[in-house]
Chemist: 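Here you go, one structure.
We count ligands from 1, going down the list as the structure has it; atoms in each ligand are counted the same way.
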Amino acid sequence: MRSLLLAALAALAFIPALPAAVPDIVPRPVSVVEGQGKPFTLKWGQTVGGDARFAGEMETLRQTLFPATGIWLKPADGATTFRFVHDPARPKEGYALTVSEQGVEIRASEPAGAFYAIQTLRQLLPADIYRRAPVRGDWKMPAVTIEDAPRYAWRGIMLDPCRNFFGVESLKRQLDAMAAHKLNVLHWHLTDDQGWRIEIKKHPRLAEIGGARPSTPRPFNRLKQDGEPQPAQYYTQEQIREVVAYAAKLHITIVPEIEMPGHAVAALRAYPALACAADPDLTPNWGVLKEIFCAGNPETYALLEDVLDEVVALFPGPYVHIGGDEAPKTRWNACPKCKAKMKELGCKDMHQLQTRFAEHFAAYLASKGRNCIGWDEILEGGLPKGAAIMSWRGTAAGIRAAKAGHPVVMTPKPVCYVDYNQLVPGDPYEYIPNNTPNPIWKTYSIDPSAGLPAEAQPFVLGLQGNLWAEYIRADEDRDWKLWPRAAAIAEIGWTPQADRDWDDFYGRMSRSGMERLRRLGLNAAPLTQPKQ
Ligand code: ACM
Ligand code: ZN
């Protein structure tokens, strides 16, 4: 009788009838066993210590807990409240986290795993832990044992500062939010038609001329101009080093992208002689533009090699992205230099020439000890030796490449395109009424390894959400389009496919995940559901 009464009251008050099956952790961990004991309470005077290889993560833990709680854990030897233990049996990026009334133990084989244990630990605390200023709180964590490791090694987000530039501080906020969701790759799209955003010391014109623009398509009609010149905006090498170091502490690898041969109009504004045509059309319009780097001009190769020299000196990660998408062959087909190059290389068409062009830079990067990745057009002329593929026009190209033993990142349009319409009713940031819908539940539905035979699955590095910025004016639009969809990308990348369930994800996000995004200071879009 009493339980009936409670159930009726719960229904009236919209209290969920059942407690959450697991704490509201996003991405969902592999295994969660709730403890029987009392919760742990964070207090002044508690200590942190353990294996010296985790010294960086001990400091990260202290700095993670301090801003909201005002509590500094004291580093100590011996038996400490928070303990970091080296456990070689834990998988790469994996961890075990045990919370009891007495203390917290983190086990990992390497620092990245310990870092992810800290991110999980943060989600066991009230969402206020994400605040950057002190707040009164009851800092308790339930007794629990969690064992966890990611499904994929590449859990990425692509950001595009070319169409609309954003500064270093704003980028750091996104890196913080990504790390909180165990996303570990920032694909930084640094060059495009509308802006060259990376300082190149040997060729300063690239950023100084290519980073400025004469005019911008009027918001948001890509074929009309506002006629307002924008001064050069770009990241200096010093700023890039600062971002790379900041990301490294968050275990985020940055993959810089230098677009070639297409999406190069900004570079051609600086160096018009590298276009095929004598009088190139350097329109500031958006879209797929015909003016691309000439593949028959040795100076194109020389300039791009100089650029890559500086890129590899700035970015220590294993991959450099060389673009390759949306490169119409109109100019190449009419260019004597490109035609001669095609003949010299024995290519049967310009698609093959593009594949050879990609192979040239793949080999150049290999000579510097780096891997190269490109958009899936680079395999239109055959699989380019030594290049990984980013599959964006669906997954077919990725499947083909993985079957042939090429590493692949799946980022199929539209599900991984987080600039697309997310079907939020009355969306104030949706400027294109008939934009292909890509609501969060559609994003959540993809399995990056679907359709692949078992032997090809190891070649899928992971997945990525892409945030193109033609229709983004400010940080608030960017946050809105990226979050909460980036949390769905994070869960697809981390959680075993068999444990993923939309309703379960929706529940964790609506109870806790959305509040965390707000506490992180993000202007996240509301969480939506498919129509029931
Ligand atoms: C792309 O969306 N053009 C890769
Ligand atoms: Zn040419």
Chemist: Would you list the protein N, O or S atoms within less than 2.8 Å of the Zn ion (ligand 2), leaving out water?
Modeler: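 Checking every protein N, O and S atom gives Cys276 SG, Cys294 SG, Cys335 SG, Cys338 SG.
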Chemist: Within a radius of less than 6.0 Å around NZ of Lys249, do more than 12 heavy atoms belonging to other residues, nucleotides or ligands occur?
Modeler: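 No.
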Chemist: Would you say the rings of Tyr235 and Phe165 are close, in the sense that their centroids are separated by under 6.0 Å?
Modeler: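 Centroid distance Phe165-Tyr235: below 6.0 Å, so yes.
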Chemist: How about Trp375 and His321: are their ring centroids closer than 6.0 Å?
Modeler: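 Centroid distance Trp375-His321: below 6.0 Å, so yes.
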Chemist: Under 4.0 Å between a Lys/Arg side-chain N and an Asp/Glu carboxylate O for Lys368 and Asp309?
Modeler: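 Yes, Lys368 and Asp309 are salt-bridged.
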Chemist: Do His189 and Trp468 have their ring centres less than 6.0 Å from each other?
Modeler: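 Ring centres of Trp468 and His189 closer than 6.0 Å.
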Chemist: Does Met178 reach the side chain of Asn184, with side-chain heavy atoms less than 4.5 Å apart?
Modeler: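 Counting from C-beta outward, Met178 and Asn184 never come under 4.5 Å.
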Chemist: So, do Leu461 and Val185 sit near enough that their side-chain heavy atoms are less than 4.5 Å apart?
Modeler: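 No, side chains not in contact.
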Chemist: What residue and atom, counting heavy atoms only, is the protein's closest point to atom 3 (N) of ligand 1, and at what distance?
Modeler: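 Protein heavy atom at minimum distance: Asp325 OD2, 2.6 Å.
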Chemist: At a 4.0 Å threshold, what atoms of ligand 1 neighbour a non-hydrogen atom of Trp468?
Modeler: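 It comes down to these atoms of ligand 1: 1 (C), 2 (O), 4 (C).
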Chemist: Do Trp375 and ligand 1 have an N or O pair less than 3.5 Å apart?
Modeler: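 Checking ligand 1 against Trp375, no N or O pair falls under 3.5 Å apart.
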Chemist: Considering only heavy atoms, does Glu326 approach ligand 1 within less than 4.0 Å through its side chain, its backbone, both, or neither?
Modeler: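 Only the side chain of Glu326 comes within reach of ligand 1.
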Chemist: For atom 2 (O) of ligand 1, what is the closest protein heavy atom, and at what distance to 0.1 Å?
Modeler: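 For this ligand atom, the closest protein heavy atom is Tyr417 OH, 2.5 Å.
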Chemist: Can you check whether Glu491 reaches His181 side chain to side chain, under 4.5 Å on heavy atoms?
Modeler: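 Side-chain contact under 4.5 Å: no.
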